[in-house]
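Letters go in sequence order (proteins before strands), and every chain restarts at 1. The analysis underlying the following values was restricted to heavy atoms, covering all of them including side chains, and did not include hydrogens, waters or symmetry mates.
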Protein chains: 2
Amino acid sequence: MKKKTTIYDIATKLNITAATVSRALNDSELISKKTKKMVLEAADELSYFKNRHALALKSGRTNQVGLVVPFINRHFFSNIIMGVEEELYPKGYQVMIFQSNESERKEKDIIEALLQNQVDGVLISVSKTTRIKDHFNKIIDNNLPLIFFDRKADIENSSCVETDDVLGGKIATQHLIDQGCSQIAYVTVDLNLNIYTNRFKGYKESLKYNGIDFRKELVFQANSDIASGRKVARQILSSDANIDAIFCSSDYIALGVMQELKEQNVSIPDDVAVVGFSNEPFTELLDLTLTSIEQSPYEMGKSAARVFLDQMNSKNANIEHAIKLKPKLCIRDSSLKNNRTMHK
Amino acid sequence: MKKKTTIYDIATKLNITAATVSRALNDSELISKKTKKMVLEAADELSYFKNRHALALKSGRTNQVGLVVPFINRHFFSNIIMGVEEELYPKGYQVMIFQSNESERKEKDIIEALLQNQVDGVLISVSKTTRIKDHFNKIIDNNLPLIFFDRKADIENSSCVETDDVLGGKIATQHLIDQGCSQIAYVTVDLNLNIYTNRFKGYKESLKYNGIDFRKELVFQANSDIASGRKVARQILSSDANIDAIFCSSDYIALGVMQELKEQNVSIPDDVAVVGFSNEPFTELLDLTLTSIEQSPYEMGKSAARVFLDQMNSKNANIEHAIKLKPKLCIRDSSLKNNRTMHK
DNA sequence: ATACTCTATGCAATGGATTGCACAATATAA
DNA sequence: TTATATTGTGCAATCCATTGCATAGAGTAT
């Protein structure tokens with residue numbers, strides 16, 4: 001097993017001290033050009049590279065940030081990651097990516113590991129099963145920037161970047177109303193998460209604004225996947241509710257709903273208009289394209305990264321930032337009752 | 001700025017030495033139960049956590065592995081990541097995920113950073129622009145396990161896990177021939193990558209096996225995206241070649257091809273059958289579902305992780321492993337000429 | 001009471017890089 | 001030639017946890 005090269009090896013070889021080597025490698029002005037050149041050559045020859053752990057130990061800083069998402073293989077989250085990296089990589093930060101798999105237990109473990117790694121900050125979208133929040137407070141206690149994105153927890157001195165989900169819920173609902181719908185079913189996911197309660201709030205506010213009574217029996221619950229969407233569609237169809245639109249708080253649910261409606265020969269959007277949420281890529285690949293709400297995950301990632309940088313660069317790591325990104329309605333065939341050909 | 005708690009803080013508080021604290025925290029049998037209890041309580045009270053950098057420095061091991069993919073937001077790669085994590089997380093390894101963005105330069109930087117981090121091994125799918133391979137050899141020189149997955153480079157003492165792409169190319173082509181096609185256009189991506197040369201090889205072998213002449217003019221080049229697929233479809237249609245099938249070495253290309261054929265009123269699969277590669281999730285969400293080759297990325301990730309563990313646990317880190325995973329044909333509407341309804 | 005085990009703990013070095021302070025060597029000024 | 005700057009290096013402590021070796025103190029046997 002070959003030993004790794006250290007500055008001591010270089011020093012011995014050149015008959016100088018490690019201190020000089022260190023200064024030379026860091027291009028200190030105290031060191032003569034001749035020595036610098038010597039050191040650089042020797043370093044190359046011995047294929048030396050710095051030991052980041054020694055650095056971290058000495059300096060207390062790592063230039064690493066922790067990034068925690070529920071799942072990495074969702075378009076939404078992987079694009080957030082892209083955005084964060086894009087912003088942080090040029091500034092010399094390494095992004096350590098972890099997935100919680102929606103497990104509170106794993107989320108705790110990850111944060112423990114991040115703290116052990118002495119990361120300079122944590123960016124996180126909380127797992128939907130998370131109830132306790134000790135692990136978040138630990139981050140704050142250690143004076144590290146804590147930035148939530150999309151899904152947040154209520155933690156003092158933390159920041160967050162989120163979509164204006166209330167607005168998202170509103171514009172989707174308003175759009176359906178504009179299309180002439182009034183009996184709009186709403187399918188929600190776990191109401192424990194801020195994003196879903198906010199979308200729901202937007203839905204209700206929009207109904208009220210348009211003078212339409214909110215009807216509890218038009219609200220359904222599902223998980224964010226296709227099968228669950230199919231199931232809820234069957235529920236809706238077999239209920240007494242005489243609906244003319246379904247607003248799903250997830251594109252996957254919407255897709256399942258559309259598949260089921262199609263099989264049951266319900267015409268979309270004429271009998272029932274459908275709207276999803278998140279603007280997953282598949283929404284425009286479908287033969288019957290799906291109207292959805294774009295959340296700009298890439299921008300969200302960049303924004304979260306910038307908040308982190310802000311906090312790092314200001315004296316006080318814990319100024320709270322709160323950023324809301326505007327969602328955008330992407331109108332497609334599944335909800336557009338007139339002029340379909342125009343948008344084909 | 002609050003200082004972080006160390007074992008010395010705990011030692012001072014309890015009037016014992018750091019050595020004792022360290023042993024107590026590691027549940028050493030040398031330490032009495034009473035002392036252990038005291039230490040554990042104090043540690044909790046001071047919200048102590050281990051400094052991994054000190055550990056790494058001392059032990060020379062980090063229990064971290066580097067995982068490098070071209071892009072994180074591709075279904076194929078993100079599922080490989082899932083597989084790797086699934087296998088390595090329970091064994092106490094942290095997976096550091098990086099994306100090269102298909103840039104040789106960034107790939108080099110990442111590997112440099114991984115070495116600085118003293119990772120215990122590297123799993124990588126090489127960027128398609130990578131030509132030099134010094135950075136890979138550096139890993140081997142440092143006696144670290146190097147495992148390629150999907151896209152590999154030719155490096156001595158490294159291991160690799162790949163799809164049997166030749167077989168993939170064969171079964172897709174054979175399927176098209178079985179459907180009665182004989183003038184099969186082939187669309188390839190960057191032939192610098194092993195995966196694409198192998199798929200191409202499979203295509204040619206299959207033609208030969210079936211006594212069909214290989215025709216150079218039926219081979220087209222494109223990038224792995226929808227727009228490029230549309231473009232190549234236009235090329236194919238406007239060429240003299242009178243084809244009855246298009247085998248695309250990427251699902252994204254196949255999707256673009258299908259969109260374009262549809263617009264030009266070419267019937268799929270009756271006039272032209274289409275087959276893709278990778279079995280991206282959208283292939284079965286389309287109205288006209290796309291036949292494709294499943295590569296089981298999740299399994300590939302698990303397999304790569306197991307190779308890493310094998311190498312770690314054997315004395316010699318550089319036994320070469322070479323694993324080929326069997327691809328699977330997923331037959332869908334885009335290529336199935338008869339009995340379409342059966343598969344609806 | 002003496003000699004001899006154990007048991008539980010302390011001491012000190014180690015790993016790699018940084019950095020304030022001291023100092024030698026050289027250059028400049030008087 | 002002597003005093004004074006100016007450069008370029010070296011010394012040693014530090015960051016935190018681990019661990020081989022030494023040892024104090026308690027317990028046991030004779």
Of the non-hydrogen atoms in A:Tyr48 and A:Thr5, which two are nearest, and what is the gap between them? CD1-O, 3.3 Å
Base, sugar-phosphate alone, or nothing: which one does A:Leu55 contact when heavy atoms must sit under 4.0 Å apart? sugar-phosphate
What is the separation between atom CZ on A:Phe49 and atom P on C:dA17, rounded to the nearest whole Å? 10 Å
Can you tell me which nucleotide in D:dA17, D:dT9, C:dA17 comes closest to the side chain of A:Thr20? D:dT9
Can you tell me if A:Ser78 uses its side chain to pair, donor with acceptor, with the backbone of A:Arg74 under 3.5 Å? yes
Interatomic distance, A:Asn63 CG vs C:dA17 P [rounded to whole Å]: 16 Å
When you check the phosphate oxygens OP1 and OP2 of C:dG15, does a side-chain N or O of A:Asn51 lie under 4.0 Å from one of them? no
Walking DNA chain C from its 5' end, the first of B:Thr35 and B:His53 to be reached, judged by nearest nucleotide, is B:Thr35
Toward the 5' end of DNA chain C, by each residue's nearest nucleotide, A:Ile7 or A:Arg23: A:Ile7
Check: B:Thr62 side chain, B:Gln118 main-chain N or O, donor-acceptor pair, under 3.5 Å: yes
Side chain A:Arg52, main chain B:Gln116, donor-acceptor under 3.5 Å: no
To the nearest Å, how far apart are B:Gln116 CD and C:dG15 P? 20 Å
Spacing of B:Met38 atom CE relative to C:dA8 atom C1', expressed in whole Å: 12 Å
With a non-hydrogen cut-off below 4.0 angstrom, is A:Leu25 in contact with a base, only sugar-phosphate, or nothing? nothing
Report the nucleotide, chosen from C:dA17, C:dC11, D:dA17, that has the shortest atom-to-atom distance to any side-chain atom of B:Thr17. C:dC11
With sequence neighbours left out, the residues meeting side-chain contact (heavy atoms from CB on, under 4.5 Å) with A:Thr12 are none
Suppose we screen for ring pair (Phe, Tyr, Trp, His ring centres under 6.0 Å). Which residues come up paired with A:Phe149, at least two apart in sequence or across chains? none
Phosphate-side-chain proximity, A:Tyr8 and C:dT14, N/O vs OP1/OP2 below 4.0 Å: no
Would you indicate which nucleotide in C:dA17, D:dA17, C:dG10 comes nearest to any side-chain atom of B:Thr6? D:dA17
B:Thr129 side chain to B:Glu104 backbone, donor-acceptor under 3.5 Å: yes
A:Asn26 side-chain N/O to C:dT18 phosphate OP1/OP2 under 4.0 Å: yes
Take the protein atom NZ of B:Lys50 and the nucleotide atom P of D:dC16, then report the distance between them rounded to whole Å. 15 Å
Figure out the CZ/P separation between B:Arg52 and D:dA17, and round it to whole Å. 13 Å
Atom-pair distance (NZ on B:Lys58; P on D:dT19), nearest Å: 6 Å
Nucleotide C:dT9, atom P - distance to CD1 of B:Ile10 in whole Å: 15 Å
Can you see whether A:Tyr89 has B:Lys106 sitting over its ring - NZ or CZ less than 6.0 Å from the centre and within 45° of the normal? yes
Residues of residues 27-34 of chain A with a heavy atom under 4.0 Å from any atom of DNA chain C, listed by number, are none
Short side-chain N/O contact from B:Ser22 to OP1 or OP2 of D:dA17, under 4.0 Å: no
